[in-house]
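What follows is one structure encoded as structure tokens, with my remarks underneath.
Values below: every heavy atom of this structure, side chains too, minus hydrogens, waters and symmetry copies.
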Amino acid sequence: PVCVVDAGSAVTLDAMDELGRHLGGLIVPGMAMARQMIHDRTARVRVAESFRHSWWADNTSDALNNGAYWAIVSLVQRFLRETDRRLGTECHLLLTGGDAAAIMESLEGRAWQEPQLVLQGLALVARWATRVILSSHDALSDFQQAHPEAADKGRVLSFVSQIPASIYDAPPGPVCD
């Protein structure tokens with residue numbers, strides 16, 4: 001069994017049993033997103049990008065950074081404990097994403113890091129797929145650089161979080177062109 005944590009813009013935590021079946025997971029804001037949300041929704045508190053890991057920050061910026069950091073580390077530890085309990089065995093912990101190395105510093109021994117896990121998975125998909133759909137042009141660029149042999153299969157499908165009002169006035173039509 002394995003718990004996979006992808007620590008990037010968002011942090012996804014997924015549990016898989018010994019047969020590779022997905023048991024479920026969680027999604028929370030990543031460290032940078034948490035910092036940005038606090039900045040955007042408060043009196044524009046300035047938050048530094050770099051900080052030292054500490055439980056006892058002595059300034060607001062470090063307190064916000066460490067709050068986001070320790071919240072994620074603690075969630076990973078709890079998710080792993082709960083998955084162990086559910087499956088009745090000790091699970092492996094696999095970390096990937098831009099913040100994986102920082103999180104790994106505070107986890108005791110059970111974790112290993114695979115920085116290119118998502119791109120490796122996409123490479124497996126690309127072997128058989130005629131198209132690989134990615135969520136951004138940055139993701140497409142990363143995919144094309146990592147897997148030039150499949151670069152022509154990549155496409156971007158942009159997602160919108162707010163439906164434009166004009167859509168309600170349009171006559172029914174095809175969803176995709």
* Considering residues at least two apart in sequence or located in another chain, which fulfil the salt bridge (Lys or Arg N to Asp or Glu O under 4.0 Å) criterion with D84? -> R110
* Asked: If you measure from CG on L80 to SG on C3, what distance do you get to the nearest 0.5 Å?
  -> 5.0 Å
* Would L107 and M31 show up in the same hydrophobic cluster when neighbours are defined by side-chain heavy atoms closer than 4.5 Å? -> yes
* Structure fact -> Between D62 and the options N66, T60, L64, the side chain to side chain contact (heavy atoms under 4.5 Å, CB included) test singles out N66
* Asked: Got a second to check how far R86's CZ is from C91's SG, nearest 0.5 Å?
  -> 10.5 Å
* Asked: What distance separates T96 OG1 from M104 CE, expressed to the nearest 0.5 Å?
  -> 11.5 Å
* To do: Linking directly or through intermediates, with side-chain heavy atoms under 4.5 Å: list the remaining ILVMFWY members grouped with L124, chain and number order.
  => none
* Asked: Can you name the ring-ring contact (aromatic ring centres under 6.0 Å, His included) partners of W56, sequence neighbours left out?
  -> none
* Asked: Hydrophobic cluster mates of V4, side-chain heavy atoms under 4.5 angstrom, ILVMFWY only, any path?
  -> V2, M16, L94, W112, L117
* Passes side chain to side chain contact (heavy atoms under 4.5 Å, CB included), L13 versus L75? Steps please. -> CA-CA 9 Å; L13 303 97; L75 179 62; 3.8 Å; yes
* Provide the closest heavy-atom pair for A100 versus L95 in the form atom of the first, atom of the second, distance. => CB-CB, 3.9 Å
* Is the CZ atom of R155 crowded by more than 12 outside heavy atoms at less than 6.0 Å? -> yes
* Structure fact -> Sorted by chain and number, sequence neighbours left out, side chain to side chain donor-acceptor pair (under 3.5 Å) with D14 holds for H22
* May I ask you to check whether over 12 heavy atoms, not counting those of I27, lie within 6.0 Å of atom CD1? => no
* Any side-chain heavy atom of V11 sitting closer than 4.5 Å to one from V5? -> yes
* **Within residues 58-77 or reaching into it, pairs that qualify as ring-ring contact (aromatic ring centres under 6.0 Å, His included) - sequence neighbours excluded** => H53-Y69, W55-W70
* To do: Measure the NE2-OG1 distance between H92 and T83 for me, rounded to the nearest 0.5 Å.
  => 13.0 Å
* Provide the closest heavy-atom pair for P1 versus L87 in the form atom of the first, atom of the second, distance. => CB-CD1, 3.5 Å
* To do: Mind checking salt bridge (Lys or Arg N to Asp or Glu O under 4.0 Å) for D40 and listing every partner two or more places apart, or none if nothing turns up?
  => R44
* Structure fact -> Hits for side chain to side chain donor-acceptor pair (under 3.5 Å) against R85, two or more places apart or cross-chain, chain-then-number order -> E82
* To do: Would you mind listing every side chain to side chain donor-acceptor pair (under 3.5 Å) that reaches into residues 141-153, with sequence neighbours excluded?
  => none
* To do: Can you tell me which residue pairs pass the side chain to side chain donor-acceptor pair (under 3.5 Å) test with a partner in residues 121-130, sequence neighbours excluded?
  => none
* To do: Check ring-ring contact (aromatic ring centres under 6.0 Å, His included) between H137 and all other residues, then give those that pass, not counting sequence neighbours.
  => none
* To do: If a pair satisfies salt bridge (charged side-chain N to carboxylate O under 4.0 Å, His left out) and one of its residues is in residues 16-27, list it, with sequence neighbours excluded.
  => D17-R21
* Rounded distance [0.5 Å steps], CG in L93 versus CD in Q113 -> 10.5 Å
* Structure fact -> Tightest non-hydrogen contact, residues V73 and S106, listed as CG1-CB, 3.9 Å
* Asked: Just how far is it from atom OG1 of T12 to atom CG of D6, taken to the nearest 0.5 Å?
  -> 4.5 Å
